[in-house]
Amino acid sequence: MPQERAGLDAWVEDGLCPMLTRVPDLTRITRSNTPSLLPRSGAGRGPGVRDTQLALQRRAALARALNGRPLEIDVFWQSPETRAALLAELPKLIGFPPGESVGPADDDTWRWRGEGVEIRVRARPAGPLADALQVSWERRRPRAVRLAEAVEGRCRLVADRVVSRPEAAGVVVMEIAGKERFAAVPDSDPKHALRIAWARQDRLSQFVNLPDDTDSGLEHRAKWTWLDAFRQLGAISPPAHRVGAGVPGDLQYVALWLVRHTRKGPTRCPVHRLVAVRVRPGDGGPGVIEGWDAERAEWVPYSKLLLLLSQAVEPVAETWKEKEADTGGHGDGVAARGGLRPGARPGVEQHRQRETERQIRALLFQLRDRPTLLLADAGNLRQCWPGLRNGELARDMLGFGTEPAQRHTLYGDDLRVVLVRDANAREEVAEWYAHDAKGSVGFAEGVWGTAETESRVFASTASKPHTVAKLPKGLIKLAPTSQGRTAPGKSAWNPGQLEITMLGCLSEKALADSGREGDLPDRPAEWATLTHQLRYQDDYPPLARPLALHLARLAGEYVLPVAVTKEEGSTSSAP
C-alpha cells in the first residue's frame with residue numbers, strides 16, 4: 001500500500017544517491033478529473049434518486065441501440081435462484097415495474113413495453129446445452145479439428161432450440177458452470193462453443209456462473225450480467241466531458257484493438273484480427289456505438305460487429321497449421337521496421353504487419369468527415385504497427401511500413417492520435433503513490449505531468465473501486481511497526497497508472513505545416529484530460545482504458561475461428 005511503498009522508494013533513493021538522482025515528481029495538471037457523472041449525494045437528493053436517473057439513462061441508451069426493434073431475451077437457467085435474480089434485476093435496471101409471467105408453466109415468458117423499448121424474456125431450463133463438450137480423443141487428427149467437431153455438435157443442439165424472430169434483436173443469457181469445473185478434461189468447457197452457436201442464430205450471448213453454497217452476491221452478479229448484455233447491444237455511451245472549449249463539439253472517438261490468438265487460444269486456432277470501434281457521443285442523450293466492417297468497408301452497429309467477428313475467416317493462417325509464406329528469397333528474417341519478435345517467421349509476420357497497416361490507413365480515410373480522436377494501446381498494436389514503438393515515435397507524425405513518417409494531418413485535418421500504455425505484464429509503467437507537502441501518503445485520482453508546457457506524456461490515475469475502498473492505506477506487510485496497522489493476511493490493491501502519450505495534435509507546427517497558421521493550437525494537457533475522463537462511466541468503476549478502447553478489447557471475445565472439418569468426404573468451413 002502507499003505508505004509502505006513510499007518507505008521502500010526512499011530506501012532505494014538513499015542507496016543510489018549520488019550516482020543516480022530522482023527526477024521531479026509529477027504534478028496534477030487539472031482539477032477536472034472526472035466527466036459529468038451523476039452525483040451520488042447532495043442537497044435535495046433523497047434515497048433512490050440516482051438509481052432512478054441511472055434507469056432512465058439505461059432505458060434511453062437501450063432505445064437508441066435497438067432503433068425500434070423489439071428485444072428478444074432467452075434465459076437458460078440451471079438454478080432457480082439465478083433465474084429469479086435475473087428476472088427481478090432486469091426491470092429495476094431500466095425502470096420498469098416487476099414483470100408477471102404470461103406464458104405456460106413450463107415456458108415462462110415476461111414482457112415489458114414503454115418509451116421506445118419492447119422486451120420479451122423467455123426462461124427455460126438449460127438442459128444438455130450446458131453440458132461439457134464431448135471432444136474426440138483420436139490423437140491422429142489435429143486438436144483444433146476435433147474441437148471444431150464438438151463445436152459443430154453443440155451448434156446443432158442450439159439450432160434445435162431456437163424460435164426465430166428475424167425482426168428482433170436477440171440476446172441469450174445462459175447459466176453454466178465455472179471453467180474450473182471443466183479443468184479436468186481439456187477443451188470441454190462449452191462457453192465458446194455456445195457463443196459461436198448463438199452467434200450463428202444472430203444472437204448475442206452473456207454467461208453467468210452457477211452459484212456456490214456461500215454465494216451471497218447473486219443480485220450483484222445478476223445486475224452485471226444485464227449490464228454486460230446492454231454493453232453488447234451498444235447501449236452505453238460516455239458522459240459529457242468537462243475539459244473545455246478546446247475540444248470540438250462534434251468530436252468522435254475511434255479505438256483500435258488487435259486480437260491475437262495462438263494455437264493455445266479458445267478454439268485452438270491462431271488468428272490476428274484488427275477491431276475498430278467508433279463512439280459518437282449524443283447531444284444531451286445516449287451516443288452511437290459502431291464497429292468497422294472491413295469486408296464491406298462500412299460502419300455497422302456494435303452488436304452487428306460482434307456477430308460478424310464470430311463469423312469471420314482468418315486470412316493469414318490455416319486453422320491448425322500456419323501457411324508456409326513466401327519470404328522473397330528467404331532473406332535474413334528481419335522486418336522492415338524494428339525487426340520481428342523472437343521465433344516468428346518473417347513471411348507470416350510481414351504479411352500480418354502489411355495487412356494491419358493497410359486496414360488502419362483505409363480506416364483513417366473513412367474518418368476524415370469530422371474531428372476524430374484515435375485511441376490505440378501501444379502494447380497491443382506495436383507488434384503489427386511498428387511505427388508505434390518507442391524508438392519510432394515522433395511528434396505529430398505517423399509512420400507505416402518502410403515509408404518515411406508523414407505528418408498525421410495528412411490522414412485527417414482534424415485528427416488527433418493518443419497512445420495509452422499500462423504495465424502490460426512487463427512493468428512498462430511505474431508504480432506510484434501520492435504525497436502532499438505535509439508528508440501524508442496515499443492515492444489520488446487525476447492527470448499528472450511535468451511543468452514543461454510542451455510535454456506530450458502524462459499519467460492517468462483513477463480512484464479505487466468500491467469493492468476495495470475499505471482497505472486501509474496504512475496497511476503494512478513487510479515490516480509491521482507499532483505505529484502502523486498490520487494485516488499480513490490481506491491482499492493489498494493499488495490502482496494502476498495509465499500512461500497517455502499525445503502523439504498527434506494540432507500544435508503550432510502541425511498547423512503551420514498544414515497551411516493553417518491562424519488557427520488556435522491544441523493544448524496537449526486538455527486532450528490527455530479528455531482521454532482520462534473517458535475512463536469514467538456512471539454504471540462502472542473507473543475503466544482500465546478509455547471507453548472506446550474498452551469496447552474494442554471486449555469485442556475480441558467474439559473472435560472465435562473454428563477449424564475446417566471433413567464429414568463424409570465433403571468439406572465445410574465453420575465461422
Side-chain angles (χ1 to χ4, degrees), residues 24-39 237-255 278-283 287 370-378 393 395-396 408 414-422 429-430 432 434 436 443-464 495-508 510-511 519-538 540-552:
D25 290 341
L26 302 179
T27 58
R28 191 183 270 128
I29 65 171
T30 178
R31 293 183 178 274
S32 301
N33 295 318
T34 58
S36 298
L37 300 174
L38 292 177
S237 59
H241 67 78
R242 297 193 298 121
V243 175
V247 176
D250 58 345
L251 180 71
Q252 63 183 355
Y253 312 116
V254 177
R278 180 171 72 178
V279 179
R280 285 185 166 180
D283 297 328
R370 64 189 291 178
T372 300
L373 176 62
L374 183 69
L375 298 154
D377 186 299
L393 298 181
R395 293 186 180 197
D396 305 325
H408 77 288
D414 288 308
L415 175 67
R416 281 84 170 178
V417 183
V418 167
L419 293 184
V420 300
R421 182 170 65 159
D422 56 15
V429 297
W432 66 282
D436 59 19
F443 292 132
E445 62 180 322
V447 187
W448 310 84
T450 64
E452 300 176 17
T453 57
E454 295 300 319
S455 176
R456 293 291 189 97
V457 183
F458 304 88
S460 165
T461 60
S463 58
K464 294 190 296 183
Q497 178 191 149
L498 183 70
E499 183 183 87
I500 298 174
T501 300
M502 197 64 217
L503 178 60
C505 66
L506 301 186
S507 62
E508 289 186 2
L511 289 171
D519 291 357
L520 189 67
D522 289 339
R523 293 182 61 245
E526 286 187 340
W527 290 88
T529 301
L530 174 63
T531 305
H532 167 80
Q533 291 187 10
L534 289 172
R535 298 177 61 186
Y536 290 82
Q537 210 270 345
D538 280 307
Y540 295 89
L543 301 172
R545 299 173 182 86
L547 178 62
L549 262 178
H550 177 74
L551 295 173

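One-based numbering along the sequence shown. Computed from a predicted structure; not experimentally measured. Note: hydrogens, waters and symmetry copies are ignored here, and every other heavy atom, side chains too, is used.
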With Asn33 via side chain to side chain contact (heavy atoms under 4.5 Å, CB included) - residues at least two apart: Arg28, Thr30, His532
Separation between NE2 of His408 and CG of Leu503, rounded to the nearest 0.5 Å: 8.0 Å
Test item: Arg395 and Met502 side chains (from C-beta on) under 4.5 Å apart, heavy atoms: no
Under 3.5 Å, which donor-acceptor pairs do the side chains of residues 240-251 form with other protein atoms, sequence neighbours left out?
unit_1: His241; atom_1: ND1; unit_2: Val243; atom_2: N; d: 3.2
unit_1: Arg242; atom_1: NE; unit_2: Thr34; atom_2: O; d: 3.0
unit_1: Arg242; atom_1: NH2; unit_2: Thr34; atom_2: O; d: 2.9

Spatial distance of atom CD (Glu526) from atom CD1 (Ile29) [nearest 0.5 Å]: 9.5 Å
Test side chain to side chain contact (heavy atoms under 4.5 Å, CB included) applied to Ala528 - qualifying residues, sequence neighbours left out: Val447, Phe458, Ile500
Trace of the side-chain contact (heavy atoms from CB on, under 4.5 Å) decision for Leu506 with Asp414: CA-CA 8 Å; Leu506 301 186; Asp414 288 308; 3.9 Å; yes
Side chain to side chain contact (heavy atoms under 4.5 Å, CB included) partners for Gln537, two or more places apart: Ile236, Pro239, Asp539, Tyr540
Spacing of OG1 belonging to Thr531 relative to CG belonging to Leu498, to within rounding of 0.5 Å: 9.0 Å
Criterion side-chain contact (heavy atoms from CB on, under 4.5 Å) on Thr27 and Asp25, from CA distance to verdict: CA-CA 6 Å; Thr27 58; Asp25 290 341; 5.7 Å; no
Within-4.5 Å side-chain heavy-atom neighbours: Glu445 and Tyr536: yes
Pair Leu549-Val420, side-chain contact (heavy atoms from CB on, under 4.5 Å): steps then yes or no: CA-CA 10 Å; Leu549 262 178; Val420 300; 3.5 Å; yes
For Thr501, all residues meeting side chain to side chain contact (heavy atoms under 4.5 Å, CB included), sequence neighbours excluded: Leu419, Val457, Glu499
Nearest non-hydrogen partners of Ala459 and Leu26, listed with the distance: CB-CD1, 3.9 Å
Nearest-0.5 Å distance that lies between atom OH in Tyr253 and atom CG in Leu375: 9.0 Å
Side-chain donor/acceptor of Arg421 to backbone N/O of Ala378, under 3.5 Å: no
Note: Asp377-Arg545 ion pair, threshold 4.0 Å (strictly below): yes
Reported CG-to-OG distance for the pair Asp538 and Ser36, which is rounded to 0.5 angstrom: 9.5 Å
Trp432: partners by ring pair (Phe, Tyr, Trp, His ring centres under 6.0 Å), with sequence neighbours left out: Phe443
Pairwise distance OG(Ser460) to CG(Asp422) - rounded to 0.5 angstrom: 11.0 Å
Ionic contact status for Arg416 with Asp396, cut-off 4.0 Å: no
Shortest non-hydrogen contact from Pro524 toward Ser455: CB-O, 3.7 Å
Sidechain-backbone polar pair: Gln252 side chain, Thr372 backbone, donor-acceptor under 3.5 Å: no
Smallest separation among heavy atoms of Pro521 and Ser507, with atom names: CB-C, 4.1 Å
side-chain contact (heavy atoms from CB on, under 4.5 Å) between His550 and Arg535, intermediate numbers included: CA-CA 9 Å; His550 177 74; Arg535 298 177 61 186; over 6 Å; no
